Every structure is written in C-alpha cells, then in structure tokens.
Amino acid sequence: MSKKVRVRFAPSPTGGLHLGGVRTVLYNYLFAKNNGGDFILRIEDTDQSRYVSGAEQYIFDCLKWAGLEPDESPVHGGDYGPYRQSERKEMYRQYAEQLIKDGYAYYAFDTPEDLEKMRRDLKTADNPSPQYDKTVRMKLRNSISLLPDETQQLLAEGIRHVIRIKMPDNETVSFTDMIRGDVHFDTSIVDDKVLLKADGMPTYHLAVVVDDHLMKITHAFRGEEWLPSAPVHILLWKYLFGLRNMPQWAHFPLILGPNGKLSKRDGAKYGFPVFAMNWTDPKTNELTEGFKEKGFLPEAFINLLALLGWNDGTEQEIFSKEELIKKFSIDRVHSGGAKFDYEKAKWFNHEWIKKSEAGSLKTEVRGLLEGKGISVGGDSLLEKVIVLVKDRCTFLTDFYDQCYFFFQSPATIDTGAIQPKWDEKKKLFFIELIRLYELASVWQHDDLEIAFKELAAANQLKPGELMLPFRIMLVGGKFGPGVFDIASILGNEETISRIKKTLTLL
RNA sequence: GGCCCGUUCGUCUAAGGGUUAGGACACCACCCUUUCACGGUGGUGAUACGAGUUCGAAUCUCGUACGGGCUACCA
C-alpha cells in the first residue's frame, strides 16, 4: 500500500504571518494537492512566554483568506492530533529519555548563568560564539561529566535540567535535499542542542522529529534558515525511528527585502505590506497593514508569492490556484533567494483585477463603498460601473476614487481647472447642451457623443476644449473613464443636474 | 571566526555543452486616447572574477570575490 503524501507547516504564534511564511505554506499546500495528499497545520506554541494570544486565530484567518486551508489542524481536527504542541507535551519526554538510555543524549544541569559564564570565558576573536559541544562538555555539569550517582542525586532532588543531544565525534551526516541535492555536515562542529527544555517542553528539534513521525509526515518543507540544524534532525531520525522512515526534506530559499533578509520592519520602512493581513504587534501596539487590507486579491497574492522562486518553465506568469496546483513541481523551485519587488506585486494585482469578472468583485467593491457611507443600490448599476473602471484599478481600494461619483455627486468640483479657459461662448454651449439633452429621446453613449460634437461644430468650438470642462462637471476632476460612458450611466436627469450645478459655480 | 546555502539585465526569471542569452516588472520613446489609465510598437539593460575540462561553457570542475543564513532552554 502506497503511503499518501502528507506535508506539514508549523508556524509559531509569536508574530504575524509574513511573506516568507505564507510562501512556505503555499509550496507545502501546492505540493500536497499536486500529489493528492494532505496539508497539515501544526502549531508550535512551545514557549509560552513568547506565545501571543490571538496569534493562532490570526494564522487561521490568513490561511482562510488566501484559500490555503489545511486538511488537519487544531481547529479542523484529524486522526493524528492533537496538533497544538502544548497539548502534546507528555509525548516528548519519553523519546528524550529513550535517547539517554541509548547513549545518544544526556541530562545537563547547567544554569543560564553557568552557560553565560562559559560563553564569556571562551569567547575570543577567533571564536565569537562558543558552543556547548564536545570540547566543553566535560567541564560542565551533566550526566556525562558527573558520576552516575551524582546525576541520580541531582535528578532525585528535582534540580532543573534539560536534555541535550550528544553529537557524535567524527561523523558525516548526509541527506538529500529535494531542491539542493546532497548536503553534508561534519558532526564534530555541530553543538549539543537542547532537546527538552527545563520546563518539560520540547525544542523545535525534538518536536519536529517526533511529530513528523507520529503524524506520518512524508515530506518536510521549510525555510532555508533551518538547513544548519538539519543534521540534528537527521541524527534524531536515525536514533529514534530509522533513516528509512524519514520524510524527504526540502529547504526553500529566503525571501529578501531591499537590504538583505526581508524583515517585518521593512514594511514600514519601505512602504509595502509584509504580512498577509493587518498585524498589530502586541508589544508595541504598532499596526502593520496587510496585503488584504491594502487591497490585494487573494488570487493575486498567492500568484505573486508562487512566482517568487518558482515558475513552470514557460512564459506564463498569471496562474489561478487550480493551475498552480496542477503545474507545481518542487524541481522547479529555485535554490537562490529572491528579492521581493513591490512594483511587480502591484502588477500581479492589477492583472487579477482586470481579469476578474464584475460579479466576483462586486461584494468587495460594495463593501468598500458602503464602508465609506455611500449607498450603492442594486447590483446592476454596480456591475456596469465595475466593468467600466476595473482596468484602471491597481488595488481593490482604488475602486472608491474611480467610481464613487456614480453613486453620489462629487464632493468638490475642480473649477480651478476650468476657469483659465472659460468664456461666455463655452457657457452658452453648455446651456444649449442642457436643452438638447433634455429633449433627448434616447440616452446612449454614441448618441450623446454625436449630439455633443454637432453642437460644438455649430458653435464653431473644438470638442476637445469642451470635453475637459464636461468631465469636471460630471466627476469633479481630471480623472475617470470616458465622459460619454459616464454620462450614459449617470442618466439624463443626473447629467443635466451636474452641468447646471457647475455652471452656477463658474 | 566557524559551518552551511547561494550568484544570468535594477528586480523576478528562461536557456539541463552549440540561441543574435528569451520573457515579465520597472524605466525611456513612439502610437492610440482631446482626462487618467488600459492597450499596441520599439528601446536601454545581464551570465561576479580567474583558471581548468571540451572542437565548443551561462551550463561541468576547482579557486577567489560577493551576498545570505545559522552559530539560544526562539522558531
């Protein structure tokens, strides 16, 4: 029986879900779906002091918005739960104890002060970050340096301790990364990582291995920042469950900001979103605008993220989620980091708005307009308006400026743009135009334009000189779709009323 | 410092030994449009450097440089 593909993502609810995180989810999701498998979401709430209340819900909200909902998670349930690490706490100790029994790990009783002292004492220019490894192991207080009786004594007394992996001396750990090929590490330069913390919670190193085994994960994908700790995980698999049962690994390249690794602060610094949705830092109370609130379509968001480090080998750039699922392949994920380009991100959104049907945009646009106190009325007018203006909207939020004047008269009229070239002759033209339009039996784009131009010719005026004033009368300024499109949608009465109103201001 | 990963136009990338090194974003010019966009046409612009292997290297190998990551009882 072949094993179904199961991939997992394990965010930590300590900060917002930023671009790198969402892209990791996306690639996990696409790979799972492409192979008919399941996408599992596990929550890494191991360190309660860093846990941010509400952050877990935030993660689910972001995934829901982006259309990347997991098949198994703390809220969706599943056969391999619980999916929240704090609820799995008891499982980890037995594996850690097993490692000690087999000689692959040991108890360490050093206090944070001891460790700090060790690091301070050993720190030199040549070795700025001393590690807890075989060179210092015997000088510290642990079950290797201590006599067995002493260790038992300390344990019996309930002295706070951690469990550390005992890195072997001169071994080479190798594994095949799905996007990088074979990677090798010399174990003698890797330190004795903590596996189980003094509070009994596992570190990521232990948890990821135990959970991946228990949850029958077949593929473990994560960011490149995890590559250096891969040897710890490989060794743990070897000691605990056997290498042949280990999932396949893939380490995705990082997403870079304008200056190195994309940081959460880059958003404020360079004026673009870095979080999927609005994120309020619980410490500073600082609000960072998300892609959703900025006016991105979720389809555009996952599209631009997918293409940041992957392509299907053709020149196609616009992909729906279904196409991405169908065409995604891990072999075509790049190994080099990609710098995030906000201009290109905007282009993706613009493309998606242009290709979206009015029907699928109307709910968002209605919400936007009504949120600003504009009564939109029925769908048919709204859809007509959306069709007319969507090509000129980069963000969903642009719809407000582009179409609010269809639903209420412009708040201000830029008469200053009319006045310099305004004269009695033009005024008479518009007075005659009003009379002409009042008598109009049909109210359609072409008829309005013909009538307008014929009247201009009769008055020996160039239509061009009259179009701008007309536009400003209708929308308040130098923007918007074609004037006769606007007039035809506005209707006879409203068009005439706006001309009259502006005439009184000039 | 050590270890690991990476390096094609400004940016995202195509080209798995033989192409005038292709596309997209951005930028520039022109066309369309008597607003602003959309759209159309064209243009500027890249294989980090040095060796080697080969008839032939962006592509394979080595070295150098540069960039990034990790080096916590964080993930």
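Values in this document were obtained by computation on a predicted structure and should not be read as measured data. Below, chains carry the letters A, B, ... as their sequence lines are ordered, and counting in each starts from 1.
Nucleotide B/C3: paired with B/G69 (Watson-Crick or G-U wobble, both distances less than 3.5 Å). Nucleotide B/C27 forms a Watson-Crick or G-U wobble pair with B/G43, both donor-acceptor distances falling under 3.5 Å. Both distances falling under 3.5 Å, in either a Watson-Crick or a G-U wobble arrangement, occur for no nucleotide opposite B/C74. Look at B/U8: it lacks any Watson-Crick or wobble partner with both distances under 3.5 angstrom. Look at B/A51: its Watson-Crick or wobble partner, with both distances under 3.5 angstrom, is B/U61. Base pairing of B/C38 is not made with any nucleotide, judged by Watson-Crick or G-U wobble geometry with both donor-acceptor distances under 3.5 Å. The nucleotide B/U33 finds no pairing partner, because no Watson-Crick or G-U wobble arrangement with both distances shorter than 3.5 Å includes it.
Distance, A/E351 CD to B/G39 C1': 11 Å, rounded to whole Å. Between A/W226 atom CH2 and B/U71 atom C1' there is a gap of 13 Å when expressed in whole angstrom units. Rounded to whole Å, atom P of B/A26 lies 14 Å from atom CG of A/L304. Between A/F484 atom CZ and B/U35 atom P the separation is 12 Å, expressed in whole Å. One can place CD of A/E449 at 12 Å from C1' of B/U33, the figure rounded to the nearest angstrom. Between A/K421 atom NZ and B/U35 atom P the separation is 12 Å, expressed in whole Å. Atom OH of A/Y204 and atom P of B/C70 are 13 Å apart (whole Å). Separating the CG atom of A/L262 from the C1' atom of B/G67 is a distance of 16 Å, rounded to the nearest angstrom.
Atom P of B/U20 sits at a distance of 26 Å from the matching atom of B/C25, rounded to the whole Å. Between B/U8 and B/U47, the distance separating the two C1' atoms is 4 Å to the nearest Å. Nucleotides B/U53 and B/G40, compared at atom C1', are 48 Å apart to the nearest Å. Using atom P as the reference point in both B/U59 and B/A15, the two lie 15 Å apart (nearest Å). Rounded to a whole angstrom, the distance from the P atom of B/U64 to that of B/G69 is 22 Å. Atom C1' of B/C9 sits at a distance of 14 Å from the matching atom of B/G43, rounded to the whole Å. For the C1' atom pair drawn from B/G39 and B/U44, the interatomic distance equals 22 Å after rounding to whole Å. Nucleotides B/C62 and B/U54 are separated by 16 Å at their C1' atoms, to the nearest Å.
One finds a side-chain N or O of A/N311 lying less than 4.0 angstrom from the OP1 or OP2 phosphate oxygen of B/A14. Taking 4.0 angstrom as the limit, A/R160 places none of its side-chain polar atoms (N or O) nearer than this to OP1 or OP2 of B/C73. Of the side-chain N and O atoms in A/R119, one or more sit less than 4.0 angstrom from OP1 or OP2 of B/A72. Remark: A/K197 is in phosphate contact with B/C74, judged by side-chain N or O atoms under 4.0 Å from OP1 or OP2.
Each of B/A75, B/A14, B/C73 was ranked by its minimum atom distance to the side chain of A/R332; first place goes to B/A14. Taking only side-chain atoms of A/K354, from C-beta outward, the nucleotide of B/U34, B/C38, B/G68 with the closest atom is B/C38. Ranking B/C38, B/A26, B/U71 by closeness to the A/S129 side chain, first place goes to B/U71. Side-chain proximity of A/S12 to B/U35, B/C73, B/A75: nearest is B/A75.
Projected onto RNA chain B by closest heavy-atom contact, A/E315 and A/R471 fall at different nucleotides, the more 5' of which corresponds to A/E315. Comparing A/C393 and A/A125 along RNA chain B, the residue whose closest nucleotide (by nearest heavy atom) sits nearer the 5' end is A/A125.
No more than 12 heavy atoms of other residues, nucleotides or ligands sit less than 6.0 Å from atom CD of A/Q460. No more than 12 heavy-atom neighbours from other residues, nucleotides or ligands sit within 6.0 angstrom of NZ on A/K123.
Not less than 6.0 angstrom separates the ring centroid of A/Y342 from the ring centroid of A/Y270. A ring-centre distance under 6.0 Å is found for A/F252 and A/Y27.
A syn orientation is assigned to B/C38, its glycosidic angle lying within 90° of 0.
Because its NZ or CZ atom is both nearer than 6.0 Å to the ring centre of A/F395 and within 45° of the ring axis, A/K294 counts as a cation-pi partner of that residue.
Nucleic acid contact for A/V194: sugar-phosphate only, since backbone atoms but no base atoms lie under 4.0 Å from a heavy atom of the residue. Among the heavy atoms of the strands lying under 4.0 Å from A/A198 is at least one base atom, whether or not backbone atoms are also near. Contacts of A/G480 with the nucleic acid, taken as non-hydrogen atoms under 4.0 Å apart, include base atoms. Contacts of A/P481 with the nucleic acid, taken as non-hydrogen atoms under 4.0 Å apart, include base atoms. Looking at heavy-atom distances under 4.0 Å, A/D110 makes contact with a base.
Comment: A/E343 engages A/K346 in a salt bridge, judged by a side-chain N to carboxylate O separation of less than 4.0 angstrom. Contact check on A/K117 versus A/E113 returns no salt bridge, with no Lys/Arg side-chain nitrogen under 4.0 Å from an Asp/Glu carboxylate oxygen. A salt bridge between A/R42 and A/D212 is present, with a side-chain N of the basic residue lying under 4.0 Å from a carboxylate O of the acidic one.
Counting only N and O atoms by type, the side chains of A/T172 and A/D186 include no donor and acceptor under 3.5 Å apart.
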Between the protein and nucleotides 3-12 of chain B, which nitrogen or oxygen pairs come in under 3.5 angstrom?
residue, atom, partner, partner atom, Å
B/C5, O2', A/R180, NH1, 2.4
B/C5, O2', A/E224, OE2, 2.6
B/C12, OP1, A/K339, N, 2.8
B/C12, O2', A/L307, O, 3.2

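Looking at A/I486 and A/P481, their side chains come closer than 4.5 Å, going by heavy atoms from C-beta outward.
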Open item on the list: If you apply the rule side-chain contact (heavy atoms from CB on, under 4.5 Å), what do you find for A/F429 with A/E465, and how did you get there?
Closed with: CA-CA 11 Å; A/F429 169 85; A/E465 295 175 359; over 6 Å; no
